[in-house]
Amino acid sequence: MTQERAIDPVYAAQLTLNGLLLGLLYALIVSGLALLFGVLGIINFAHGEFLMAGAYLMAFALPVLGLAYLPSLLLAMLGVALLGCLAHALFLRRLREDEFERSILMTTGLSILLLNAVQYALTATPLLVDTQFGFDGIDLGGINITWTRIAAAAAAILALLLLWLCLTRTQLGRAMRAIAQNREAAMMVGIRPEAVARNAVILATALCGLAGAALAPIQLVQPSMGQFLIFKAFALVIIGGLGSIPGAAIAAVLLGLLESWIGGFFDAVWQEVVVFVAMMLVLLLRPDGLFGAPRMRAG
Amino acid sequence: MSPPLPDLPLLELRDLRAGYAAGPILHGVSFSLAAGRIATLLGGNGAGKSTLLRAVYGANRHYGGAVLFEGRDITALSPPRRLALGIGFVPQGRCNFAAMTVAENLLMGGYTLKRTEREAAIAAMLERFPVLARKAGEAAGNLSGGEQQVLEMAMVLITGPRLLLLDEPSLGLSPRMQAEVFATVAGLARESGVAVLMVEQNLRGALAISDTAIVLEMGRKFLEGPAAEVAVDPRIRHAYLGGNVTAADAA
């Protein structure tokens, strides 16, 4: 066993807060992925590019809107939702529910197309994004948190709360869960699968765009930023239980914390590995995921 | 809205050909059904009974012929449009949202209704089926088979259908629950004037409440007649009511 070391509580709290924020942003990404998997029965390989699009829209909206954070965030989110709507109308709508393999090829193609289009138009040079907050932050007894991080966490918590309310309290959201649970019963009650699928795509891409926009002032914005995250996001969806949105979101927050602690206390190399080790363990020990009982499995 | 004329059939199939992507299963079926009447579809496996119900709801591929509802050709309409016109379909097998509560399932049953209509219709269902009121907060998947069947029927009845398509409503139920389901169906027809077209494995129970029996063979109508007569028809008794099954294949 390792020797008990005195851990600086301020450092530990700082890592915890950083991890929590990272986890909340992961949660925005993976809840959308889980939603798409449940409602459309697809794995969206282009999800990372929607994140990247959100970050770039944020980077371009900020200077135009006088560095105002919230309006830029909302604009970026809206822009990505529109992009998602377009992707649904042009590509995803044409996939039938039994065409899982085609969905992988189709969304991979879309991913590469978006990635290279952005690289061509904007070059691969990373952008540093400034907001009204600059690098200011607050100091809580030695723990320093920048306003961009606080705003990102607040936006993520609010968005996840609204998503939960939408899924449990509105007919629009219930219809999404309904289709994910039983397509035949959804047909029985007169739900139009295509309309619900479009709504799910808009919701999922808006959440992903929000994550990208919130991430933009925190890390460098570059065309490949989504590629980095997408496999991690798939692993989280599997850990959470395929199609389980709360499961994926909880797994995401836990991963954020775990990554931050591991990066802070051990070697940063292991930070990127932990999620895949967790995924392999879950696949071996609990194939239905940590939170997905078999009967709740979507698709 | 005026009620349909007594002699105008509620549902009419004209030379209906339908099936799936692989090809048609029904090769031209015609019959009609009036309001308040119950018809049972009979036939062996693969005769096209379920395919016919799905075709009336618009839930499979159309190959030819027409479906008329109150004299109107609805062949081109999607299932939600047909539901809005008054055609309800309870497919075979468990057809509810297992991880949602009974209350949420009923909300989904009223998906095509406006909010106020939906709330009134759900209240009426809870009154009609007290078991659903008692278990409103439970996940549908935790209900017994009979309770789930009642829930599924309630989810469709919420929309106030005038034609009800039932695929094996008594499947997997205890004899007592089967009798309850048949009594409910009979009540709907006699009291509310709902027309019912059903496929049933319990033929004695189904024919006892049916006005008409329609026998399908290989995707075509083989026989149609009053349920009481068909029930005693030696060919039918032999084939479907517990006779020599091998003889059925020759019929």
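So that the names make sense, note that chain A is the first sequence line, chain B the second, and so on, each numbered from 1.
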*Heavy-atom distances under 4.5 Å only: say whether B:Arg94 touches chain A with side chain, backbone, both or neither.*
backbone
*For a side-chain contact (heavy atoms from CB on, under 4.5 Å) with B:Tyr111, tell me which candidate from A:Gln171, A:Met188, A:Arg174 qualifies.*
A:Gln171
*B:Ser78 versus chain A, heavy atoms under 4.5 Å apart: side chain, backbone, both or neither?*
side chain
*Hey, what do you get for CZ (A:Arg169) to CG (B:Leu107), rounding to the nearest 0.5 Å?*
11.5 Å
*asked:* Can you give me the closest heavy-atom contact between B:Asn96 and A:Ala185, atom names plus distance?
replied: N-CB, 3.8 Å
*Over all heavy atoms of both residues, which pair between A:Glu184 and B:Cys95 is shortest? Give the atoms and the distance, please.*
CG-SG, 3.4 Å
_Which heavy atom of B:Ala59 sits nearest to which heavy atom of A:Met187, and what is that distance?_
CB-SD, 3.3 Å
*Against chain A, work out which of B:Arg115, B:Glu104, B:Met155, B:Glu152 has the most heavy-atom pairs shorter than 4.5 Å and name it.*
B:Glu104
*asked:* For A:Gln181 versus B:Ala98, what's the shortest heavy-atom pair and its separation?
replied: OE1-N, 3.5 Å
*CZ (B:Phe31) with more than 12 external heavy atoms under 6.0 Å*: yes
_Closest heavy-atom pair and its distance - A:Val189, B:Phe97_ = CG2-CZ, 4.3 Å
